[in-house]
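A short worksheet on the structure shown next.
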Amino acid sequence: MSKYDQLWQYIKDNKTGDFELSFDEIKKAAGPPIDHSFLHYKKELPDYGFEVKKISLKNKTVKFHQL
């Protein structure tokens with residue numbers, strides 16, 4: 001079980017197409033906040049039909065793309 005399983009399931013169940021979430025929205029949906037390990041865990045997301053398109057540290061957002 002992954003640290004971000006709850007976030008991946010939230011994305012799969014609630015989102016379609018391309019969209020963006022703030023770090024705060026991710027923390028609310030996932031529990032744990034975004035940290036450096038997110039770069040490793042994002043590789044799990046294609047199993048849920050999405051991919052991470054861009055991480056903006058300046059804007060504190062993550063853009064997602066539906067596969």
Side-chain angles (χ1 to χ4, degrees):
M1 184 168 183
S2 165
K3 158 180 180 172
Y4 290 104
D5 278 345
Q6 189 174 339
L7 175 62
W8 306 152
Q9 194 62 50
Y10 168 81
I11 290 170
K12 180 181 175 190
D13 292 345
N14 296 293
K15 301 293 183 181
T16 58
D18 294 357
F19 65 96
E20 183 176 275
L21 292 175
S22 70
F23 286 10
D24 288 338
E25 290 172 314
I26 290 171
K27 183 178 179 185
K28 197 177 286 185
I34 292 284
D35 59 21
H36 192 266
S37 70
F38 186 78
L39 297 173
H40 170 74
Y41 286 105
K42 73 179 188 171
K43 296 172 188 170
E44 302 168 344
L45 190 53
D47 293 341
Y48 294 82
F50 288 86
E51 67 181 351
V52 173
K53 202 67 169 166
K54 182 179 180 183
I55 300 169
S56 172
L57 297 176
K58 178 181 177 183
N59 297 327
K60 297 186 177 182
T61 59
V62 179
K63 291 185 181 183
F64 297 93
H65 170 73
Q66 188 172 22
L67 300 175

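Hydrogens, waters and symmetry mates are skipped; everything else that's a heavy atom, side chains included, is used. Counting begins at 1 with the first residue of the sequence.
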Donor-acceptor pairs are to be reported for all side-chain atoms of residues 38-56 against protein atoms at under 3.5 Å, with residues two or more places apart or in another chain.
{"from": "E44", "atom 1": "OE1", "to": "S2", "atom 2": "OG", "distance (Å)": "2.6"}
{"from": "E44", "atom 1": "OE1", "to": "W8", "atom 2": "NE1", "distance (Å)": "2.9"}
{"from": "E44", "atom 1": "OE2", "to": "S2", "atom 2": "OG", "distance (Å)": "3.3"}
{"from": "S56", "atom 1": "OG", "to": "N59", "atom 2": "N", "distance (Å)": "3.0"}
{"from": "S56", "atom 1": "OG", "to": "N59", "atom 2": "ND2", "distance (Å)": "3.4"}

Handout entry: Gap separating the NZ atom of K28 from the OH atom of Y10, nearest 0.5 angstrom
Key = 9.5 Å
Handout entry: Minimum heavy-atom distance between P32 and K3, given as atom pair plus value
Key = CG-O, 3.6 Å
Exercise for the section: Provide the closest heavy-atom pair for Q66 versus D18 in the form atom of the first, atom of the second, distance. Expected result: N-OD1, 3.5 Å
Problem - Pair D13, Q9: side-chain N/O donor-acceptor within cut-off below 3.5 Å - result: yes
Handout entry: By side chain to side chain contact (heavy atoms under 4.5 Å, CB included) - contacts of P33 (at least two apart)
Key = K27
Exercise for the section: State, without any angle test, whether D24 and S22 hold a side-chain donor-acceptor pair at a distance under 3.5 Å. Expected result: no
Handout entry: Members besides L67 in its Ile/Leu/Val/Met/Phe/Trp/Tyr cluster (side-chain heavy atoms under 4.5 Å)
Key = none
Handout entry: Spacing of I34 atom CD1 and L7 atom CG [to the nearest 0.5 Å]
Key = 7.0 Å
